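Scroll down for the structure; my scribbles are underneath it.
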Amino acid sequence: MNNQDLKGKVQTVTGVIEPKKLGPTLMHEHILWDVTRPEVVSEAKNKNLQEVTITLQNVWEINRRSILDYGNQSNHRYSVALEELSLLRAACANAVIVDLTNFGIQPDPLGLRYLSEGTGVPIIQGAGYYVDEYIPEDLKASTVDQLTEEIISQVRTGCWNTDVCAGIIGEIGCMWPLRPFERKALQAAALAQQETGASINVHPGRHREAPFEIVDIIQSSGGDVNRLVMSHIDRTFADLDDALKLAATGCILEYDFFGIETSYYWFNDTDLPTDYMRLAYIRSLIERGHGRQVVVSHDICTKTRLSSFGGHGYRHIFQNVVPLMERKGFSKGEIHMIIEDNPRSLLTFV
Ligand SMILES: [Zn+2]
C-alpha cells in the first residue's frame, strides 16, 4: 500500500476504509496481548507456576494489585475476546477499537482480523516497539534506519510476517529514564510518520518530565507533534498545570485509565484519579481551548478489567462515562469531539 492509497483513509485490520465509517473510538486498548513483566515470566518459569485462577473470592485483590499475579496480564483466548467485543457492540453499535499491542507484548494481527470479521467491530493495529525491558538484546542493537524501515513496512505491507497492516504507530514504549533503544524507536517512529502519514502514540515513562522529553525527540526528528498522542496522562501528571503545559506543545493528551476507580497505583505511589476527576481535567482542557487535543480509552491490559472476569470491559466509556459526561454538563458536540472527531482525524492518514 503506497502513500497515495492511504492518504485521507483509515487502515483497519480488514483493510482500508473511509474515515466517515468510523464511529466512537477507543484509542488505546489491548484485545489480544501479553504484557506480563519479564521478572514475573521468569519467576513463573523457575517455580513452574500455572496461570492464576480468577474467582469471586480473589478477583478484587488480583485486580487491585493488577500486575503481580501470573496470568492476569494477558489474554490470547479468542472466545473471551469475542464475548468482550460483543458486549462492546451491544453498548455502542458502531464502536471502533485501536489495539496498540505491538512488538514486545505479543501482538496477534491475524487474531484481530478474525475477531473483527466475527463481530463487525473495526479494529486498528498499532506498529512499532514496546518498552525496552520487553525487547530482546539483539534487536536493541538495531539502527534507527532499520527500525524506521520495519515500522514503514508494518504500515505498508503487514505486521510481523502477516498481511495485516498497521493504522497507527505505537504504543512506542518508554521508561524513565529513557533507554537508548527507546530513543531510537521514538526517532524511527517520527521518521516513519513522515513517510506514511500515520499518527504516533507513545507510552511515556512514569515521570512528569517524560512526556516533554518525548515531544522534544519527536520534534527534533521531524515528527508532527499535532499527530502525537501521549498515553497515560492519568498516571503521569498529578495536576492540571503539567497537562496544560503539555497541551501547549500541540500534542494530544490521552486519558486512558477510564474504569480504574482506585487511588492505588500498583507501580508506585502516584495517586490515580477517578473517572470524575478525569472528566474534570478534560473539562479544564476544553475550557482552555484544548478540546481538540483530548482522547480517551481504558487501556485494558489485565484480565480482571474484562467483563468476563468481573471487570468493566471495553463498553464502560460508552455505557457509563458518556452518560456521566452528559450529567456533568459536557455538550453533545464536546462529547462527539472527544470520542469520535478527534480519533477520526488522528486515524486518517495525511
Ligand atoms: Zn497500552
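Remember, it's a predicted structure, so these values are computed and weren't measured experimentally. Numbering of ligands and ligand atoms starts at 1, following listing order.
Taking backbone and side chain together, His28 holds an N, O or S atom under 2.8 Å from the Zn ion (ligand 1). Between the Zn ion (ligand 1) and Cys301 there is no N/O/S contact shorter than 2.8 Å.
Geometry note: the Zn ion (ligand 1) is the vertex, Asp299 OD1 and Glu171 OE2 are the arms, and the angle is 170° (rounded to 10 degrees).
Heavy atoms of other residues, nucleotides or ligands lying less than 6.0 angstrom from CZ of Arg37 number more than 12. Within a 6.0 Å sphere centred on OH of Tyr114, other residues, nucleotides and ligands contribute 12 heavy atoms or fewer.
A side-chain donor from one of His316 and Asp275 sits under 3.5 Å from a side-chain acceptor of the other.
The hydrophobic clustering, which links ILVMFWY residues whose side-chain heavy atoms are closer than 4.5 Å, places Val131 and Ile218 together.
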